[in-house]
Amino acid sequence: MFMPLIMRVSGERGLKRADGFPRVSGRSRRVQPRGRPLMLGAFLATVLGFGSLVASENLSFGDFAPELEAYFVTANRTPVAIGLVPQSVGWVGSLDLELTPAAFGTDLLKKNFPLDVIQYPGGSSGISIRGFRPQYSHETNPTTLMLIDGRPVSISAGAIPMHGIERIEILRGPASALYGPSAMGGVVNILTKRSEGPFVSRLSTGYGSYERVEAGVSAGGSVHPRFSFDVSLDWVERSEDYELGNGDAYETGWEGRGVYRYTTYSTLSGRVRGSYKLSPDWEIELRSDFGTQDRTGMPGSLSAQKAGRANPSVRDLDRGGVALELRGTSGDHDALARFYYNRLDSHAVNSMDSYTASYRGRTTDRKTREWGVQLQDHWKWNELTTLMFGIDHTIQDEENAAFDRDGTRRSYHNPDSVRTTSGLFAELVHRLLDEQLVANLGVRGDRIGTRIDASDYEGTSYCYGGGEESFEQLSPRGGLVWRVDPRMRLRASAGTAFVAPDARQVAGYYTTELAGYTKVCRGAADLDPENAVSWDIGADWDGDTWHVGLTWFQIEVRDRIVEMATGRIEDPLEDGKERRLFTYRNADSQEMRGLEWDAHMDVGQWIPLLPGGLECGVQGTWMERAKVESSGIEEPVKNVAEWKVIPHLTWRKGGVVMRISGRYTGTRLDMDYTYDAHYGGDWYEYPAQWQWDWSMSWSFGTGHTVSLQVENFFDAYVFEKLDYPMEGRNAMIRYALRF
């Protein structure tokens, strides 16, 4: 297994390492993953210790690596064999989800797929694919489209469902030709469970570190030859602030206790699904899901806590969605009509312990409503040709408000807005040369209209008079798959994608208190949409007990919307701090290129004395280049790691499954927005970091399962955003009864 142990250290002027050490020009330093020998010993001990618990039953390789004939939905908006998909795809199966320690949806994704991540305590986070900067504003992911059962949702990765998931599909590369805006880096589609057959129920409960308690109930199956259903309800509460991993003297946390204050949370989520067969060929289905996060701690930066200058808050997040689907087959046509509604309500209250007096008791509210319809038809034109075509229409309404403790309404940093998107799409798939060669060609046209309400930001010289803007966009894509033999394929794809500027970028205004100055960011009304052109080429090999995939990709972005310092200074307020003015602009270009790989192998076949089955896997991304160029100045893409590697080792015998999994994140560059000057400089480099998890599940008797998970096994000091560290070592034990 390849390990990226060499960290390249360049000599850019003014750069300083995030661990406080000065950067060394023209040299490189070897970074050893902490605890590697101990981890190997832990794995051998668990295998030998549990090897005789139950009768032998080898691991099923298909649980981990989908074969080329397995079906994938997201790439073509209809089930298609993976071997016919020209794009690079990822798959997070039910066993992966079961064995992943996770507090929020972001953890499920980043531990099973090599993503770039910005993540704060409390679940606020953003993800990105293929070198785009992770976006987290407004709980959305502008360059990565999020779907739940195929319906678009404007939520961050931290708010996606955590339970009742069958699998997660990830499509790499541009997908605007099928899905419209936001699908520049890729698409994440969360597919929930759809139970059919005998009625099955499940009860679960668990207890873990930091007084984490959880309970869940689910049921599903067919209660009539024509009717099937699923229902679930899950509750999680963590009532103690979490402790940090091992850091240096500076990173000990508040009052030197290694505790990150205001990091408690409580969540409640559920879903309901009912499906009725109108005839052997037609079915109607209703799906609904919801999730709440109550009194979730938003602690602010660790350095501000240590200095006694934090402005913590608590947030209530309430999201939900409902979709009504009619689908069926008529002759050569597979048709789908989906009508959906999504809502997202966020309510945050600043603590009375806030350092800034004007923040105490202040509340901010955000409401988002989405209505949409998706109509599509998959037409089997003949034995060799299919045509997918359809129409999408979405309306998104966003309202924002802020209030002082006495109820006085204040301006919010983001104006109210309404966005309407209409799109027509078509994609042709044709098989040639006795089905050895498969060609895909698709195109989509979108019309997007945005209305932004007038906003007057009190206490500032900035105001926005409101306005309307619309534009049209054409997004083509194409791909080829050459099936060299039943176990090998070569593939290539190319396409375009786009992202429209949001209301904050056009007309927003917000301030951030930093050490020594206040950052003031204003919107820019003359922004153009971002446009990307991407191509990739790859190969996949499948054996009886192994799988290997490689993909080289390149993306060029024009009119990339970036936050830039203007070099101007606003007049100081009463606090006397310098107010540096930032704004948004379209950069000249952005370029990313790199290599993606994934490999899985059943290695147990080579260890005849080992009971059960042993499978290992590794996937990763190497960013050979990720740069933004504006006005002749080239800068790195912020928060994008050069290396991302996810290895795992899984053993199973009978009802016992154990996994050791890791996540390596290489060096990343970011601007220094920490509260104090400990790290120094306008730019800093995050150190490379490893995090290892261990999990075990034991199924016994009739429907009983006990599981144990240890997250951050070696208690490493890890973070996705400097000054906002994640949990140190913690554990969770669960019991479930299936009947």
Side-chain angles (χ1 to χ4, degrees), residues 1-19 21-34 88 90 109-111 113-119 126-135 143-144 172-173 185-186 534 536 538 550-557 560 562 589-599 618-629 634-647 662-672 679 681 683-691 716-722:
M1 180 176 65
F2 175 73
M3 297 290 183
L5 300 182
I6 302 297
M7 180 180 67
R8 292 194 293 184
V9 180
S10 60
E12 290 107 319
R13 184 177 180 181
L15 295 183
K16 193 171 184 179
R17 290 184 46 83
D19 53 15
F21 293 99
R23 302 198 47 188
V24 181
S25 176
R27 298 173 58 189
S28 57
R29 187 167 69 92
R30 183 172 293 271
V31 179
Q32 295 290 346
R34 293 166 53 175
S88 174
L109 294 174
K110 74 180 185 180
K111 293 181 178 183
F113 195 77
L115 302 168
D116 286 299
V117 178
I118 291 178
Q119 186 176 10
I127 63 171
S128 70
I129 303 172
R130 287 191 169 177
F132 289 93
R133 189 191 185 197
Q135 303 285 336
T143 62
T144 302
R172 300 179 178 105
S534 174
D536 58 49
L550 295 171
T551 304
W552 176 266
F553 65 89
Q554 180 161 327
I555 304 172
E556 294 183 5
V557 184
R560 178 79 170 111
V562 295
S589 65
Q590 178 173 322
E591 184 179 9
M592 297 87 73
R593 58 177 178 261
L595 179 69
E596 301 161 339
W597 71 90
D598 66 279
V618 59
Q619 55 179 320
T621 301
W622 170 51
M623 294 301 305
E624 192 271 335
R625 179 176 174 83
K627 299 290 184 180
V628 177
E629 183 176 336
E634 188 176 88
E635 294 181 346
V637 180
K638 301 173 187 174
N639 305 103
V640 171
E642 181 181 5
W643 293 94
K644 295 170 284 288
V645 182
I646 301 177
R663 180 171 181 261
Y664 174 86
T665 307
T667 56
R668 293 166 282 178
L669 290 168
D670 197 0
M671 295 295 292
D672 186 357
Y679 294 104
W683 283 94
Y684 59 75
E685 181 183 72
Y686 294 6
Q689 55 190 17
W690 272 104
Q691 178 176 325
Y717 186 87
V718 294
F719 51 84
E720 304 297 346
K721 183 72 173 174
L722 188 68

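FYI, side chains are in, hydrogens and waters are out, and symmetry mates aren't considered; it's all heavy atoms of this structure.
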Exercise for review: With sequence neighbours left out, write down each residue that passes side chain to side chain contact (heavy atoms under 4.5 Å, CB included) with Asp116, or none if nothing qualifies.
Suggested key: Ser128, Pro134, Val640, Ala641, Lys644

Check your understanding: Listed by chain and number, what are the side chain to side chain contact (heavy atoms under 4.5 Å, CB included) partners of Glu635, not counting sequence neighbours?
Key -> Ile633, Trp683

Review point. Does Met592 reach the side chain of Val557, with side-chain heavy atoms less than 4.5 Å apart?
Key: yes

Practice item. Apply side-chain contact (heavy atoms from CB on, under 4.5 Å) to the pair Ile127 and Leu109, showing each step before the final yes or no. Key: CA-CA 9 Å; Ile127 63 171; Leu109 294 174; 3.9 Å; yes

Rounded to the nearest 0.5 Å, what separates atom [atom1] in [X] from atom [atom2] in [Y]?
X: Met623; Y: Leu595; atom1: CE; atom2: CG; answer: 10.5 Å
X: Trp552; Y: Gln554; atom1: CH2; atom2: CD; answer: 7.5 Å
X: Tyr717; Y: Gln691; atom1: OH; atom2: CD; answer: 13.5 Å
X: Ile646; Y: Asp598; atom1: CD1; atom2: CG; answer: 11.0 Å
X: Ile129; Y: Phe113; atom1: CD1; atom2: CZ; answer: 5.5 Å
X: Glu642; Y: Arg668; atom1: CD; atom2: CZ; answer: 12.5 Å

Practice item. Please lay out, stage by stage, how Asn639 and Glu720 fare under the test side-chain contact (heavy atoms from CB on, under 4.5 Å). Key: CA-CA 8 Å; Asn639 305 103; Glu720 304 297 346; over 6 Å; no

Heavy-atom pair with the smallest gap, counting every atom of [X] and [Y]:
X: Arg663; Y: Leu115; answer: NH2-O, 3.7 Å
X: Trp690; Y: Ala716; answer: O-CB, 3.7 Å
X: Ile555; Y: Ser534; answer: CG1-OG, 3.5 Å
X: Leu550; Y: Trp597; answer: CD2-CB, 3.4 Å

Practice item. Would you check, one step at a time, whether the test salt bridge (Lys or Arg N to Asp or Glu O under 4.0 Å) holds for Lys627 with Glu629? Key: CA-CA 7 Å; Lys627 299 290 184 180; Glu629 183 176 336; over 6 Å; no

[X]: what forms a side-chain hydrogen bond (donor to acceptor under 3.5 Å, both in side chains) with it, not counting sequence neighbours?
X: Thr621; value: none
X: Glu634; value: Arg625
X: Asp536; value: Arg130, Ser493
X: Gln590; value: Arg560

Check your understanding: With no hydrogens and no angle check, is any side-chain donor or acceptor of Gln689 less than 3.5 Å from a backbone partner on Phe719?
Key -> yes

Exercise for review: Name the orientation class of the two ring planes belonging to Tyr684 and Tyr686 (parallel below 30°, tilted from 30 to 60°, perpendicular beyond 60°).
Suggested key: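 Tyr684 vs Tyr686 ring planes: parallel.
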
